[in-house]
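To keep things clear, I will list the structure first and then write my remarks on it.
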2 protein chains.
Amino acid sequence: MRGMGNDMVSKGRVTIREVAERAGVSTATASRALSGNHPVPAATRARVLRAARDLDYVANAHARALVGGGRKMAAVVVRQVTSPFYAQVAEGVEAEAADRGWLCVVGATGGDAQREMEFVQLMREEGARLVILVGGVVEDDAYRERVAHYAHALDSSGARLVLCGRPAPDPDIPALVVEFDNEAGARAVTGHLLSAGHRRIVFLGGLPGNTALDARVAGYRAALAEHGLPPEAAHVVDCGLGRAAGHRAMTELLKRTREFTAVFAGDDMVAAGALRAIADAGLSVPGDISVVGYNDIPLAEDFNPPLTTVRTPAEELGRAAVRIALRDPEHAAGAHHLLGTHIVVRDSVGAPPPGRAL
Amino acid sequence: MRGMGNDMVSKGRVTIREVAERAGVSTATASRALSGNHPVPAATRARVLRAARDLDYVANAHARALVGGGRKMAAVVVRQVTSPFYAQVAEGVEAEAADRGWLCVVGATGGDAQREMEFVQLMREEGARLVILVGGVVEDDAYRERVAHYAHALDSSGARLVLCGRPAPDPDIPALVVEFDNEAGARAVTGHLLSAGHRRIVFLGGLPGNTALDARVAGYRAALAEHGLPPEAAHVVDCGLGRAAGHRAMTELLKRTREFTAVFAGDDMVAAGALRAIADAGLSVPGDISVVGYNDIPLAEDFNPPLTTVRTPAEELGRAAVRIALRDPEHAAGAHHLLGTHIVVRDSVGAPPPGRAL
DNA sequence: CCGGACACTGAAAGCGTTTTAACTTCCCCT
DNA sequence: AGGGGAAGTTAAAACGCTTTCAGTGTCCGG
């Protein structure tokens, strides 16, 4: 860093021409010496590098991308960056991209399909070679058409589309899917509650049409069925996600009935809201009600009590998305990858209260 | 969206040439019609737009930036995206950038100066017009030299550098600073504890050399002084930030002494760790010890008990950084903007226990 | 009826880089 | 001595777009 800038020309970027001139070579040679794309004798190379350093030369990425046809850039699109889960996925993408010298841009849509489309369009203009759409959505016709459009549009310019935790499109659409095995995770954590003796378990946070949540509900139901519990025992509250929703739904539920002994929250934020509502109602966890969450956000172990939940390695999801997309150039289209999860046992699950066990 | 792609050529991007050809005009006219940079008769314009739509034309941002000299792109650099505070700042930058049609890229450094330099260099190559460095660091010579380098390098290519919550460099360096008034916030929240009757207040989470924390410590000391409390009452534990650090430091502190009645945590994550440690020790908040945090992260109200803290509107910080940088083109260099904060009172502060009040 | 102002359009000159194809040398082999 | 590389180098052609400059007509006032 020392000694930089002594020769800096006042304004305007230094071009490779000036570097070449100073080094006494042509731009072709300068380019090769700088990019290392073609062998150049050590002496010449040194002269060029020296000149570049003296002039504080910075390559113009646009010119480079223009001639090189595309550039090393990945885009990750989430609903909002501040959601811990999305943030982790984005961090994973960023890290894996950075590891290979790729640039990573993030876009936040706020859940607005319009903004999503605009952003994908922008990424097309920018020449992103990889677009990663993260986060569950309701799967309707508009969604399917949108994704089909993205996929073909990106594919036609040689870019890849990855869907993380989203409904998979028709298998002949050139996109690949990477997500967690939600059903298995939900089955496991429900089984954990069942093993503790619970029989009346509420699922809080369904969102019909959202494939991620639907899969969790399916896993939850499967676990109950495995224990020979009738489907009507499956108490699914479709309150959607988020802390506020969890708090509201739990408060109402407690007002209506207390015949359940455990709550399976659709995600940790819902669990946070539910815990608060339970505390507000003067009940204790896990003394009166056991609670489990989903996702294991960083603060889950600081909940009161520390939350038993399912760890979904979100950062790994982001990394996997990049890795897989860049690995299987051909076999990619239509591939569907499932990532494993595992339970994290903390203190929010206990035996059901004696009087209320079935 | 319907009807797109019928005419799409198999591979290779559609260029403006083909659009022009199809519309029966020259590339010059096509460019003008598409960019709206120069008036074009309505009929011609319509033909061009029609052709572009039919062919699913996507402009090449690189070519555009190459000739146009630069592009609308902002970069925000944080330690890690998963930290709630940084995430909010990044979201603010993203939102404000998106509002003006700018692209926003984020870089995570993991606190590594090397990666920070690489990223800034990359942004220089990419032609970013605005680089926002977020987050406190230790201010040493290496830091100062680094920032001076960034500032001059970016300035020489017409880009702006903004420091958010970072030590301000020499005033003649072409960078501007936007940050919260940490001292005022800390003074206020300390005052809140003092008003509740506390006299022995520990500051947990100092990090000497980190200007943000140092300012909070200064505010804390100032508040004590205003109440006529001697400096030796100022008990500052330099454990740094993060949940783990807070937990460890609090555990150790409780082992050593219990003569304090309140804790001022350097940020909410430290507070989270501290709360856990206090609970582990069998003490209650605020019954035995009162706790306040800093930053008001989204989950702070779900802590046990809900945390009284200082709200630092992080998203607004991000937005302000962009706004200010883009507003004051000239007056910018060396400007120092302070953003206000305010206390959020929740349940983690009470009167000191009768026996232990000074 | 002419000169000029005006509206529209197109050919061509870049923007900064990489890469291809050609051109020197220089050396080794027959 | 002459031919065939290999090694090193360069001039010039892209890459896709915007913009300048000049060239059409067209319309108006004189």
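Small disclaimer: the values here were computed from a predicted structure and weren't measured. Chain letters run A, B, ... following the sequence lines, proteins first and then strands; every chain starts at 1.
- Using a 4.5 Å heavy-atom threshold, the side chains of A:V105 and A:M123 count as touching.
- Comparing the helix axis at one end of the helix from C:dC1-D:dG30 to C:dT30-D:dA1 with that at the other, each defined from 5 consecutive pairs, gives an inter-axis angle of 60° (nearest 10°).
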* Do nucleotides 14-23 of chain D as a string where each nucleotide becomes B, S or -: B if the base has a protein heavy atom under 4.0 Å, S if just the sugar-phosphate does, - if no protein is that close. => -BBSBBB---
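- In the model, B:Y150 has a side-chain atom that pairs as donor or acceptor with a side-chain atom of B:E116 under 3.5 Å.
- Around CZ of B:R100, the count of heavy atoms belonging to other residues, nucleotides or ligands within 6.0 Å exceeds 12.
- Summarising the geometry, the separation between NE2 on B:H38 and C1' on C:dG10 is reported as 12 Å, rounded to the nearest angstrom.
- Around the CZ atom of B:R144, the shell of radius 6.0 Å holds more than 12 heavy atoms that belong to other residues, nucleotides or ligands.
- No side-chain donor from either of B:E125 and A:H62 sits under 3.5 Å from a side-chain acceptor of the other.
- If you check the side chains of A:H336 and A:E179, you find a donor sitting under 3.5 Å from an acceptor.
- Judged by distance alone, the side chain of A:S157 and the main-chain N or O of A:A159 form no donor-acceptor pair under 3.5 Å.
- Using a 4.0 Å heavy-atom cutoff across all strands shown, A:V40 reaches no nucleic acid atom at all.
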* Asked: Could you walk me through whether B:T82 and A:E91 pass the side chain to side chain donor-acceptor pair (under 3.5 Å) check?
  -> CA-CA 7 Å; B:T82 45; A:E91 184 149 292; 3.2 Å; yes
